[in-house]
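Residue numbers begin at 1 in each chain, while the letters A, B, ... track the order of the sequences. Quick note: numbers below take in every heavy atom, side chains included, and nothing from hydrogens, waters or symmetry partners.
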Amino acid sequence: MPRHYDLCARVQNGFRARLPRIAVPDTKMNLAIANVLYREGFIAGVARGDHVEPDAEYVPTTPDNVATRRLWLDLKYNNDEPVLKRMSAVSKPSKKIVMKVEELQNLASGNRSQFIKGLQPGEIAILTTTFGILELREALAKGAGGEVLCRAI
Amino acid sequence: MMARSFTTSAAVTMARKRPAAVQDIIRTRVPGLDSTSIHNLSEIHPLLDHYPRTTDQEGALNLDTAKLWASNPPLDDMLKSQGDDEIDEASLPHGLTQQDLRRFLKRTLIVKRTSNMTTAGKIPSMYALVIVGNGNGIAGYGEGKDDEVARAVRKATNRAMRNLVAFDRYDDRTIFHDIDHKFHATKIQFRSRPPGFGNRCNHYIHEICSCIGILDISAKVWGSRNPMNVIKATFEALSSKQKLPEDIARGRGKRVVDVQHTYYGASE
C-alpha cells in the first residue's frame, strides 16, 4: 500500500515538471493528505477518477475498476512559480517520528524538536492523530499529538 | 607670608615704560579701532564683523542672519575621477542621485595581486572587490582590475554603484526566513534571528549585512570560504531567495496577518 512518502514524491515532482494535474493512487490516506493540502491552498482541487482522467459523474468503486482508480490533484502556479516548492516526508520507515503537544508547539514556533527543523514562515506539517489526518495548527487547536507524516512549503 | 602678584617679565617691563596718557600714544593698526569702537566694528571695515548684529523687537541681539555670500560647492566636473567608468545618473536605479551615492557606505573587501602569464612574461595587475550600500536596503558589489590599487578600487566602486540591488528585510532588520544557498563550492546557511541578536556570521557577510542594513542574522559558510565566492553567494541568496509572506499568501489564496506587530507590538 503506497504510504505518505510516495505522495510527497509525486506532488513535488508534478510541481517541478509544471504539470496541470497529477494522478495519485486512490487510498484513504492519500485522500486525507490531499484534503489538507487543498484546505491550505497548495492545490486547486481533488477529484476521483480513473487512470486517464477524473470522472465527470460519480462512479462507484467495484472490484472490476479498483485497479484503475486514481485521485486527481489540480496543481497551482502563481507568478510563473509553483505554489508548492517542496514536500518531504518527516516520519520514515527508517525512523518514525511521533510528537507530543509540547514538541509540536516547538515546531510551530520555528524551533527544532526531535532533530526535526522548525517550521519556516509559510510552511505546514501534516500529522496523523486520533482525530484523523490534520495540519499541525489544527492538531494543536484540538490538543492532539501524533505521527508527523510530512511537511510542505 | 606676603601675598605677591605674579606677572610676566614682559608685562612688568611694559608697565614700567608706559606713560601717563596711553590713549594719545597708542597707534592702532586700523584707524578708529580702539576700545570705544568695539560695538560698531562693521562701520570701520565690513570684514571685521561679518555677522552684522541685528536686534529684534525687544532689542536683544539676534544672530540669525542670512549668509553674506552664496555657498559654492565644488562642481560635479571637479569631483569626477580621472576618466574611467563614469556613473550616468539616468542609469541609477530606485531614483537615486549622485548626491545619494556620495553618502553610501563603501567597503573594499578584497584587494589581490593577479598576474597574467603571456609570452612576454608575467604581467601583474591589482584586483579589487568593493561593496557599496546605503544601510537601508540597497547595496551592490563591483570588481575592478588595474595596474594601481587606487584605480582598481575606484573602478570597482563605480561598477558597484551601477549594480545596485534592493533587498527585502523583515522589520528592516533581518531576513524573512532561513535560507540555504550554494554558489560554486560555497554553501551558506542564513538564519533569521530576533531583534538585538546582532550579525553573527562570516566577516565578509558581516560587512555586506551592514551595507544592506541587516541588524540580526546568523550565518554559517560550509565548503569553500573563498572570499569572492562568499560575497557573490551572499548577494545572490539575499536578493533572490527570499519569499515574502504576502506572495506566499497570494499564491495560496490566504490572508496574512503579522501577529508579531499586531498583538505583541512592533520591535523598536
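Crowding of A/R3 atom CZ: a count of heavy atoms from other residues, nucleotides or ligands under 6.0 Å not exceeding 12. Residue A/Y5 qualifies as enclosed at atom OH: its count of foreign heavy atoms under 6.0 Å is above 12. Residue A/R16 qualifies as open at atom CZ: its count of foreign heavy atoms under 6.0 Å is 12 or below. Within a 6.0 Å radius of NZ in B/K241, other residues, nucleotides and ligands contribute more than 12 heavy atoms. In the displayed structure, A/R112 atom CZ is contacted under 6.0 Å by at most 12 heavy atoms of other residues, nucleotides or ligands.
Taking all atoms of both residues into account, the shortest heavy-atom contact from B/D247 to A/N78 is O-ND2, 4.1 Å. Summarising the geometry of B/K254 relative to A/G41, their closest heavy-atom pair is CE-N, 4.1 Å, with the distance given to 0.1 Å.
Between A/E81 atom CD and B/I248 atom CD1 the span is 11.5 Å, to the nearest 0.5 Å. The NZ atom of A/K76 sits 9.0 Å away from the CZ atom of B/R252 when rounded to the nearest 0.5 Å. Here A/Q120 contributes atom CD and B/K243 contributes atom NZ; the two are 13.0 Å apart, rounded to the nearest 0.5 Å. The NE2 atom of B/H177 lies 7.0 Å from the CD1 atom of A/I153; values are rounded to the nearest 0.5 Å.
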